[in-house]
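Below is one structure, written out as structure tokens; the observations come after it.
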Amino acid sequence: MKNVLMLGLALLLLAGCSKDDDNETPPATPSLNATLTPVATSPVQWTGVAVTRENRVFANFPRMETDTIPYSVAEVNGTQATPFPDAEWNTWDRTMAPQNKFVCVQSVYVDANNFLWVLDAASPLMRGVVPGGAKLLKFDVATRQLVQRINFDETVAYPTSYLNDVRIDTQNNVAYITDSNQGAIIVVNLTSGRSRRLLGNHPSTKSENLIITVEGRVWRNPSGKLPSIDSDGIALSPNREYLYYHALTARPLYRIATQYLRDEALSPAQLAQRVELVANTNPPDGMVFDATGNLYLTDIENNAVTRVTPAGQFQVVAQDAQLKWPDSFSVGADGAVYVTTSQLHIPRSQRTEPFRIFKLAVPQ
């Protein structure tokens with residue numbers, strides 16, 4: 001695979017090493033050729049996936065390309081989709097109040113305690129946040145009841161923000177969220193409900209205006225412009241000590257110790273000094289750690305899923321034409337990795353295949 005990952009010495013940071021620990025670039029290994037097992041398909045575009053302890057699979061369907069969708073969050077199995085938690089939450093139009101409705105859900109996530117979190121960017125067609133609509137919601141998957149709500153005002157979710165991905169630290173009771181349209185990391189104290197925008201003026205959260213080419217076509221938005229996407233994918237290390245993040249239209253992968261993100265006494269300048277460059281990679285949309293410390297990244301330009309091991313070794317997990325814009329990950333209780341395809345590079349009128357969720361059987 002051509003230019004699958006540009007490995008630098010900084011990649012050793014994944015293993016907790018310093019650049020001085022080794023003077024050689026870690027070698028890439030051949031593809032692991034993981035088996036792709038279809039779990040679900042849909043005619044409606046999805047982005048995120050979340051898998052519970054019981055292997056229940058949930059997906060979210062954002063209003064990115066159209067205002068009219070049948071549901072925003074659903075439990076999926078094969079070709080079946082059941083709106084979650086009910087049809088009422090999934091019924092919204094611009095005449096309705098957004099507080100108890102899904103407006104534009106961009107991400108779903110199952111935490112270590114088996115609760116489902118729903119991140120509502122509330123920016124239909126990515127044209128601006130509906131006032132009062134941006135929120136983070138916690139649901140009990142067994143009872144389908146709302147357990148917690150975090151609302152984001154305009155000081156946290158700007159009118160032009162697009163809240164993209166979320167990770168939950170159940171030990172410290174903190175949520176980490178990326179803003180992919182205004183480049184920032186949002187840190188939520190889930191005990192107090194207080195939210196803070198961090199690194200909003202730091203280059204690590206910003207797009208480099210990288211031109212992305214997938215399957216021979218340059219990625220453009222519906223108006224024909226080249227998208228510029230800021231901080232997008234995030235991954236929380238298994239020990240919860242580091243948050244990794246990456247702008248979509250950029251190459252650098254960064255990380256920062258979560259203790260600094262939680263420290264409200266640090267000034268913006270002090271926090272900026274704690275950011276670490278890990279490596280340059282091909283542009284990923286989604287990232288996730290498994291329980292053993294492998295960092296998975298989608299490789300949207302190469303129809304591939306890659307990972308970096310705890311030892312800093314790069315591996316191609318799977319490369320397949322079916323991985324049409326591999327988007328987001330979830331890791332099941334058994335360690336299996338799930339990935340969605342969202343076909344973002346293909347104009348809506350030219351899509352001929354359903355959207356897919358695959359389960360990856362990764363050789364150990």
Side-chain angles (χ1 to χ4, degrees), residues 14 16 39 47-60 73 75-76 84-85 105-120 135-150 163-178 185-196 233-245 255-263 286-298 307-310 327-340 357 359-360 362 364:
L14 283 166
V39 172
T47 52
V49 59
V51 182
T52 71
R53 292 174 184 167
E54 303 81 18
N55 292 320
R56 296 172 65 183
V57 180
F58 294 86
N60 68 273
V73 179
E75 184 171 358
V76 297
F84 181 90
V105 175
Q106 181 60 26
S107 184
V108 286
Y109 181 78
V110 170
D111 70 18
N113 296 325
N114 211 39
F115 288 97
L116 178 69
W117 294 80
V118 176
L119 179 62
D120 190 351
K135 52 193 175 286
L136 178 64
L137 304 166
K138 177 183 180 181
F139 288 93
D140 185 321
V141 292
T143 65
R144 297 176 173 264
Q145 296 301 303
L146 178 65
V147 176
Q148 186 175 6
R149 170 200 297 272
I150 302 292
L163 305 183
N164 195 288
D165 210 346
V166 60
R167 293 293 180 266
I168 306 296
D169 176 355
T170 55
Q171 179 170 302
N172 293 293
N173 214 24
V174 175
Y176 302 100
I177 297 169
T178 48
I185 305 296
I186 295 168
V187 177
V188 185
N189 182 323
L190 294 171
T191 301
S192 67
R194 172 175 162 78
S195 302
R196 297 177 297 131
I234 54 173
L236 186 64
S237 64
N239 60 10
R240 300 166 297 279
E241 291 183 0
Y242 284 93
L243 186 76
Y244 290 73
Y245 58 98
R255 79 171 188 174
I256 187 170
T258 53
Q259 71 179 85
Y260 302 130
L261 293 174
R262 299 194 305 270
D263 188 349
M287 306 191 303
V288 74
F289 274 99
D290 66 16
T292 61
N294 295 297
L295 175 61
Y296 288 79
L297 304 95
T298 64
R307 76 177 184 183
V308 182
T309 70
D327 195 304
S328 299
F329 290 116
S330 184
V331 178
D334 60 356
V337 176
Y338 295 74
V339 63
T340 60
I357 296 175
K359 181 178 181 179
L360 303 182
V362 183
Q364 301 300 315

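Just so it is clear, the model here is predicted, and its values are computed rather than measured.
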Worksheet item: Stepwise, does the side chain to side chain contact (heavy atoms under 4.5 Å, CB included) test hold for Tyr296 with Val362?
Response: CA-CA 11 Å; Tyr296 288 79; Val362 183; 3.9 Å; yes
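- Of the candidates Val118, Val49, Val166, Tyr109 forms a side chain to side chain contact (heavy atoms under 4.5 Å, CB included) with just one, namely Val166.
- If you take CD on Glu241 and CZ on Arg255, they are separated by 9.5 Å, rounding to the nearest 0.5 Å.
- Counting heavy atoms from C-beta on, the side chains of Tyr244 and Ile234 never come closer than 4.5 Å.
- Pairs passing the side chain to side chain donor-acceptor pair (under 3.5 Å) check and including a residue from residues 328-339, sequence neighbours excluded, do not occur.
- A search for salt bridge (Lys or Arg N to Asp or Glu O under 4.0 Å) contacts involving Asp290 returns nothing, not counting sequence neighbours.
- Using a 4.5 Å cut-off on side-chain heavy atoms (C-beta onward), Val57 and Lys359 make no contact.
- Residues that satisfy the side-chain contact (heavy atoms from CB on, under 4.5 Å) test with Asn114, not counting sequence neighbours, are Thr52, Arg53, Glu54, Val110, Val141.
- From Tyr245, atom OH reaches atom CG of Asn164 across 15.0 Å, with rounding to the nearest 0.5 Å.
- The ring pair (Phe, Tyr, Trp, His ring centres under 6.0 Å) search around Phe139 returns Phe84, Trp89, not counting sequence neighbours.
- Closest of all the heavy-atom pairs between Ile357 and Ala59 is CD1-CB, 4.2 Å.
- Sorted by first and then second residue, the pairs that involve residues 138-150 and meet side chain to side chain donor-acceptor pair (under 3.5 Å), not counting sequence neighbours, are Asn100-Arg149.
- Phe115 places none of its side-chain heavy atoms less than 4.5 Å from the side chain of Ile168.
- Inter-residue side-chain proximity for Gln106 and Thr47 is flagged as met; some heavy-atom pair is nearer than 4.5 Å.
- With sequence neighbours excluded, the residues forming a side chain to side chain donor-acceptor pair (under 3.5 Å) with Arg262 are Thr258, listed by chain and number.
- Remark: Lys135 pairs with Asp120 by the side chain to side chain donor-acceptor pair (under 3.5 Å) rule, at least two apart or across chains.
- Partners of Ser107 by side chain to side chain donor-acceptor pair (under 3.5 Å), not counting sequence neighbours, listed by chain and number: Asp165.
- Side-chain atoms of Asn294 never come within 3.5 Å of backbone atoms of Arg307 as a donor-acceptor pair (strictly under, hydrogens ignored).
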Item to complete: Report the C-alpha distance between Leu190 and Trp117 in whole Å, list the side-chain angles of each, state the deciding distance to 0.1 Å, and finish with yes or no for side chain to side chain contact (heavy atoms under 4.5 Å, CB included).
Response: CA-CA 12 Å; Leu190 294 171; Trp117 294 80; 3.7 Å; yes
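- Looking at every heavy atom in both residues, Ala112 comes nearest to Thr170 through CB-OG1, 3.6 Å.
- To the nearest 0.5 Å, atom OG of residue Ser237 and atom CG of residue Asp169 are 9.0 Å apart.
- Partners of Arg194 under the side chain to side chain donor-acceptor pair (under 3.5 Å) rule, at least two apart in sequence or in another chain, are Glu264.
- Val187 is not listed as a side-chain neighbour of Ser195, based on a closest heavy-atom distance of 4.5 Å or more.
- Here the closest heavy-atom approach between residue Leu136 and residue Ala175 is recorded as CD2-CB, 3.8 Å.
- The shortest side-chain heavy-atom distance between Thr178 and Ile185 falls under the 4.5 Å cut-off.
- Remark: Asp327 pairs with no residue by the salt bridge (Lys or Arg N to Asp or Glu O under 4.0 Å) rule, at least two apart or across chains.
- Atom-to-atom distance recorded for Thr298:OG1 and Met287:CE is 9.0 Å, nearest 0.5 angstrom.
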